[in-house]
Chemist: 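This is the structure, below, for whatever I ask next.
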Amino acid sequence: MEWVRDAASKRQFEGFAAEASDTLFRTGYLMTGDLKDAEDLVQETFLRVARRWSRVQSMDHPAAYARRILINLVLRDSDRRSRQKAELEPQGGGAEAADQYAARALRAVDDLAEFQWALAQLPARQRAVLVLRYWADLPVAEVAGILGCSAGTVKSTASRAAARLGAVLSSGESPAPEPATRQSGKEASDVHRPA
C-alpha cells in the first residue's frame, strides 16, 4: 500500500478499513446479491480510499465517502454484471424450468433468501435507494447527495422500488424490465414524468 506512506497513517487506514468493511460488504451484497461481487467492490473501494487517504482521513465522515465510492462502482458496473450473469446462464429451456422450480422451492425455505432474491431483481439505482434509505437508514437528503439527484427523485424512486419489490415478492417471478432508454447517464425511471 504505497499510497499510505507513514506508519501512523497506515495504522489509521487499517483501523478505518477494519471498522468499515462489514458495513460496506453488507451494502455491496444487498446491491449486487453476490458475495464475490460484494467482496470485489469492497476491495476496489478500499483501493480508491487508500489513494486519497491523506485527504480522506481528515474528513468528518470517511465511511460515508467510502460508501459513496462503493455505490458509484455498483451503479457504473451494473450493466456489465448483468451481461456476465446472462452469459453464464444455461441456454436449454427444459433444464431452466426445472432450475426455476427448484430455486422457488429453496426460496420458500428462507424469507431472507427470498427477499435478497427479490431485491436483486430490481434495477441497480432502485436497489441503491432502498439499501441506502432503509438498511443504512440514511436521510433522504444524504441519499440524494450520494446518488447525485434531488430529494424528490429519491422519494419517487423509493416508492416505485418498494412497489416493484412488493410485486416481485408476491408473484415470485422477475418483473418485466423497465424501458432501457437513458437520459444523461441516468435510468429513465429517475427522470420525472409529467402526471
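This chain uses plain numbering: 1 for the first residue, then up along the sequence.
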Chemist: With sequence neighbours left out, write down each residue that passes side chain to side chain contact (heavy atoms under 4.5 Å, CB included) with Ala38, or none if nothing qualifies.
Modeler: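 If we apply the side chain to side chain contact (heavy atoms under 4.5 Å, CB included) test to Ala38, skipping adjacent residues, the hits are Phe25, Tyr29, Thr32.
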Chemist: Using the test side chain to side chain donor-acceptor pair (under 3.5 Å), find all partners of Gln57 that sit at least two apart in sequence or belong to another chain.
Modeler: Trp53
Chemist: If we only count heavy atoms from C-beta on, is the Gln43 to Glu39 side-chain gap below 4.5 Å?
Modeler: no
Chemist: Just to verify, what does Ala64 make a side chain to side chain contact (heavy atoms under 4.5 Å, CB included) with, not counting sequence neighbours?
Modeler: His61, Arg67, Glu142
Chemist: Just to verify, what does Ala7 make a side chain to side chain contact (heavy atoms under 4.5 Å, CB included) with, not counting sequence neighbours?
Modeler: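 Ala7: side chain to side chain contact (heavy atoms under 4.5 Å, CB included) contacts with Arg11.
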Chemist: Hey, does Lys155 have a side-chain heavy atom less than 4.5 Å from the side chain of Ser150?
Modeler: no
Chemist: Please report the shortest heavy-atom distance between Leu75 and Ala128, naming the atom on each side.
Modeler: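 In this case the closest contact between Leu75 and Ala128 is CD2-CB, 4.3 Å.
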Chemist: Is any side-chain heavy atom of Val131 closer than 4.5 Å to a side-chain heavy atom of Leu119?
Modeler: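 The answer is yes, as the side chains (C-beta and beyond) meet within the 4.5 Å cut-off.
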Chemist: Could you check if a side-chain atom of Leu147 sits within less than 4.5 angstrom of a side-chain atom of Thr157, using non-hydrogen atoms only?
Modeler: no
Chemist: Using the ring pair (Phe, Tyr, Trp, His ring centres under 6.0 Å) rule, collect all pairs that involve residues 126-160, keeping only residues at least two apart or in two chains.
Modeler: Phe115-Trp135
Chemist: Not counting sequence neighbours, which residues clear side chain to side chain donor-acceptor pair (under 3.5 Å) with Asn72? List them please.
Modeler: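 In terms of side chain to side chain donor-acceptor pair (under 3.5 Å), with neighbours along the sequence ignored, Asn72 is linked to no residue.
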Chemist: Kindly write out the residues that satisfy side chain to side chain contact (heavy atoms under 4.5 Å, CB included) with Ala120, not counting sequence neighbours, or none if the list is empty.
Modeler: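 If we apply the side chain to side chain contact (heavy atoms under 4.5 Å, CB included) test to Ala120, skipping adjacent residues, there are no hits.
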Chemist: Per the ring pair (Phe, Tyr, Trp, His ring centres under 6.0 Å) rule, what does the pair list look like for residues 143-162, sequence neighbours excluded?
Modeler: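 Non-adjacent pairs meeting ring pair (Phe, Tyr, Trp, His ring centres under 6.0 Å): zero.
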Chemist: For the pair Asp40 and Lys36, find out whether any cationic side-chain nitrogen is under 4.0 Å from an anionic carboxylate oxygen.
Modeler: yes
Chemist: Among all residues two or more places apart in sequence or in another chain, which pass the side chain to side chain donor-acceptor pair (under 3.5 Å) test with Glu44?
Modeler: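 By the side chain to side chain donor-acceptor pair (under 3.5 Å) rule, Glu44 matches Arg48.
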Chemist: Under 4.5 Å between any side-chain heavy atoms of Val49 and Phe13, yes or no?
Modeler: yes
